[in-house]
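Below you'll find the structure, written out as structure tokens, and then a few comments.
As the structure is a prediction and not an experimental result, all values here were calculated from the model. Indexing begins at 1, ligand by ligand and atom by atom, following the structure's order.
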Amino acid sequence: MARLAQTAGLTDIQEEILATVRTFVDKEIIPHAQTLEHGDTYPADIVDGMKEMGLFGLTIPEEFGGLGESLLTYALVVEQIARGWMSVSGVINTHFIVAHMLKQHGTPEQKQKYLPRMAAGEVRGSFSMSEPELGSDVAAIRTKAVKGSNGYTINGQKMWLTNGGTSNLTAVLVRTDEGAEKPHQNLTTFLVEKPEGYGEVLPGLTIPGKIDKMGYKGVDTTEMVFDGFEIAEEQILGGQSGQGFRHMMDGVEVGRVNVAARACGIAIRAFELAIEYSQQRKTFGKTIAEHQAIAFKLAEMATKVEAAHLMMVNAARLKDSGQRNDVEAGMAKLLASEYCAEVTQEAFRIHGGYGYSKEYEIERLMREAPFLLIGEGTSEIQKTIISRGLLRDYQSRG
Ligand SMILES: Cc1cc2nc3c(=O)[nH]c(=O)nc-3n(C[C@H](O)[C@H](O)[C@H](O)COP(=O)(O)OP(=O)(O)OC[C@H]3O[C@@H](n4cnc5c(N)ncnc54)[C@H](O)[C@@H]3O)c2cc1C
């Protein structure tokens, strides 16, 4: 992409990382994405390639064997990867969130235990808040951990774990009895180590098979069932119970920038496909790009790609500067995911009947885009976060 979605002020290292990833995406991801997606095949070779490039440790501090890069670098990498195939960005997203939570909130022992192996891609992270009966309303979590003489026992059911089968460390948010008045103060994040795979992977812990999804294939999404699962107190993230909601919200805040970045990547790809196709396809004696109706669609699509990219970069830079970015990340996620759905839809229309054929990439993008309206909080939840933040900052003096 020569012109759109450029980012001013990057360091030489950031430019180098992005150039390497862009080449990897063009050579190793785009040519295989359709086949892997339609076969619902886990992209094992691509994941190995990402391990070799050090992408699993991109944001993990150098002292723990990572590259110590910023959220912005990570988001720009994700944008490129999603331009190739969203499922691949899904493989590293939950890993990145768990690494972030450990880096920010883990005890020194937890950091030492997990971060070096996470940087190497040996330990692979997933996170679990959602349950069959709740997603947006996180504080209503029912899965419960009860303290006994030998640690905690967990019972309950989790839903929608991305990488639930292919990860071996899951950060799980559960209810603990803290006696706090507010429901969210009674939640605790446990670091659950488990083998990869499906079935009863540990006594009292079952990962049923993969959920069959409309898109976002290849990457596994699962349930997680706890039935008298025992876990030591040392596995509480940060060592102190009752802090889980805060920890997870911090993780989700960086996750939102990442979802915005994915939306940007898909929108960029949809635009690339549309502008190429519109210069090849002829109707009524000229290319369809020469019809003003199509040219204007391209102009609107490119404007949306650009606006979404700039908001995503702004949200990432704010977080990197050490400031809270709840409102900006919410805005970036809201705008980028809604624009992504619109840009993808327009690219689909530009393809005419061929857009409906599984031979064309746009068919896959059309199934990917809707997930971004839901993951890491729906558009309605983003609007709730944004408006709450605005009302906090613009309090009436009347
Ligand atoms: C493919 C996939 C992967 C996922 N991966 C993960 C994961 O790795 N880990 C994880 O924990 N979760 C994951 N999720 C779950 C995801 O975060 C939830 O689906 C999402 O938060 C929405 O929750 P819900 O599905 O329960 O919808 P609900 O919360 O039931 O919402 C239903 C509808 O009501 C609206 N709504 C809800 N509350 C309000 C309100 N207060 N005001 C206005 N409208 C409202 C919503 O916007 C939505 O339109 C994944 C989901 C999918 C589909």
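Set against the non-hydrogen atoms of E380, the atoms of ligand 1 under 4.0 Å away are 43 (C), 44 (N), 46 (C), 47 (O), 49 (O). Every atom of ligand 1 is numbered from 1 in the order shown, and the set under 4.0 Å from a heavy atom of L134 is 26 (O). For ligand 1, the atoms closer than 4.0 angstrom to any heavy atom of I374 are 19 (O), 20 (C). Per-residue contacts place M129 under 4.0 angstrom from the following atoms of ligand 1 (heavy atoms of the residue considered): 10 (C), 11 (O).
With rounding to the nearest 0.5 angstrom, the CZ atom of R364 is 11.0 Å from the OG1 atom of T344.
Within a 4.0 Å radius of atom 46 (C) of ligand 1, the protein has at least one heavy atom. Within the 4.0 Å cut-off (strictly below), a protein heavy atom is located near atom 9 (N) of ligand 1. For atom 25 (O) of ligand 1, the nearest protein heavy atom lies 4.0 Å away or farther. Inside a 4.0 Å radius of atom 34 (O) of ligand 1 there is not any protein heavy atom. Protein heavy atoms all stay at least 4.0 Å away from atom 30 (O) of ligand 1. Within 4.0 Å of atom 4 (C) of ligand 1, at least one protein heavy atom is present.
In terms of polar-atom proximity, D137 is not counted as a contact of ligand 1, lacking any N or O under 3.5 Å from an N or O of the ligand. Residue-to-ligand polar distances keep F371 apart from ligand 1: every N/O pair is separated by 3.5 Å or more. Checking only distances, L161 never comes within under 3.5 Å of ligand 1, N or O to N or O. Ligand 1 has an N or O atom lying under 3.5 Å from an N or O atom of S130, backbone or side chain. Residue G377 places no N or O, backbone or side chain, under 3.5 Å from any N or O of ligand 1.
When heavy-atom distances to ligand 1 are checked against a 4.0 Å cut-off, T162 comes that close through both its backbone and its side chain. The proximity of Y216 to ligand 1, defined as any non-hydrogen pair under 4.0 Å, is limited to the side chain. Contacts with ligand 1 closer than 4.0 Å are made by no heavy atom of N163, backbone or side chain. Proximity of S136 to ligand 1, defined as any heavy-atom pair under 4.0 Å, is shared by backbone and side chain alike. Counting heavy atoms under 4.0 Å from ligand 1, residue K213 touches it through the side chain alone.
Nearest protein heavy-atom neighbour of atom 21 (O) of ligand 1: G135 C, 3.8 Å. Nearest protein heavy-atom neighbour of atom 14 (N) of ligand 1: W160 CB, 3.4 Å. Distance from atom 40 (C) of ligand 1 to its nearest protein heavy atom, with residue and atom name: I381 CD1, 4.4 Å. The single protein non-hydrogen atom nearest to atom 48 (C) of ligand 1 is T378 CG2, 4.1 Å, given as residue, atom name and distance.
Looking at H309 and T7, their side chains do bring a donor and an acceptor atom within 3.5 Å of each other. Side chains of E178 and S241: a donor-acceptor N/O pair is present below 3.5 angstrom, by distance only. Side-chain atoms of S126 and T94 form no donor-acceptor pair, as typed in the model, at a separation below 3.5 Å.
Between F229 and Y152, the closest side-chain pair of non-hydrogen atoms is not below 4.5 Å. In this structure, I46 and V91 have side chains that are not in contact, with every pair of non-hydrogen atoms separated by 4.5 Å or more. For the pair N258 and Y74, the minimum side-chain heavy-atom distance is below 4.5 Å.
A single hydrophobic cluster is not seen to contain both V172 and V123; linkage of ILVMFWY side chains at heavy-atom distances under 4.5 Å, directly or through other members, places them apart.
With respect to E361 and R269, a salt bridge is recorded, a charged nitrogen being found less than 4.0 Å from a carboxylate O. Salt bridge present: D40 and K210 bring a charged side-chain N and a carboxylate O closer than 4.0 Å. Under the 4.0 Å criterion applied to side-chain N and carboxylate O atoms, R124 and E196 are not assigned as salt-bridge partners.
Shown are E131, E223, E133; of these, the salt bridge (Lys or Arg N to Asp or Glu O under 4.0 Å) with K158 is made only by E131.
Residue pairs satisfying the salt bridge (Lys or Arg N to Asp or Glu O under 4.0 Å) criterion with at least one member in residues 335-352, sequence neighbours excluded, are listed as follows: K297-E346, K304-E342, E346-R349.
Other cluster members for L390: M311, V327, M331, L334, L335, Y339, I386, Y394, joined by side-chain heavy-atom distances under 4.5 Å among Ile, Leu, Val, Met, Phe, Trp and Tyr.
At least one heavy atom of S128 sits closer than 4.0 Å to an atom of ligand 1.
E306 places no side-chain N or O within donor-acceptor distance of the main-chain N or O of M301, the cut-off being under 3.5 Å.
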